[in-house]
Amino acid sequence: MNLESSYDCSQASVDLPKLLEQLDALQRAGGASAETEQQINHLQNQIRFIRNKCSIPGQAE
């Protein structure tokens, strides 16, 4: 997924659910390894970026 300032918001309806699903799976799996935490932070940043860029309301992750 290409998340740059030129991100196409028409893709948000596909990308956002995928990202949220990945985030949920990582959070449910637990495991507090540094790599897992890094993946969770990355997903949260991507979700925030899409929501901000495309004006999509949502709760904070």
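Heads up: numbering here begins at 1 and tracks the sequence.
- In this structure, the side-chain hydrogen bond (donor to acceptor under 3.5 Å, both in side chains) partners of Asp24, at least two apart in sequence or on a different chain, are Arg28.
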*When you look at Leu23 and Gln46, which way does the side chain to side chain contact (heavy atoms under 4.5 Å, CB included) test go after all the steps?*
CA-CA 10 Å; Leu23 178 61; Gln46 288 182 311; over 6 Å; no
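- The disulfide (SG to SG under 2.5 Å) analysis of residues 19-49, with sequence neighbours excluded, yields no pairs.
- Inter-residue side-chain proximity for Gln38 and His42 is flagged as unmet; no heavy-atom pair is nearer than 4.5 Å.
- Within a 6.0 Å sphere centred on CD of Gln11, other residues, nucleotides and ligands contribute more than 12 heavy atoms.
- A distance of 9.0 Å separates CG in Leu43 from CD in Gln27, rounded to the nearest 0.5 Å.
- For the atom pair Phe49 CZ and Leu16 CG, the distance stands at 12.0 Å (nearest 0.5 Å).
- Expressed to the nearest 0.5 Å, how far CD1 of Ile47 lies from CG of Asn52 amounts to 12.0 Å.
- The CG atom of Leu19 sits 9.5 Å away from atom CZ of Arg51, with the distance rounded to the nearest 0.5 Å.
- Under the disulfide (SG to SG under 2.5 Å) criterion, no residue pair touches residues 21-52, with sequence neighbours excluded.
- Counting only heavy atoms from C-beta outward, the side chains of Cys9 and Lys53 approach each other to under 4.5 Å.
- The two residues Pro17 and Ala12 have their closest heavy-atom pair at CD-O, 3.6 Å.
- Going from atom CD1 of Ile56 over to atom CD1 of Ile50 covers 7.0 Å, rounded to the nearest 0.5 Å.
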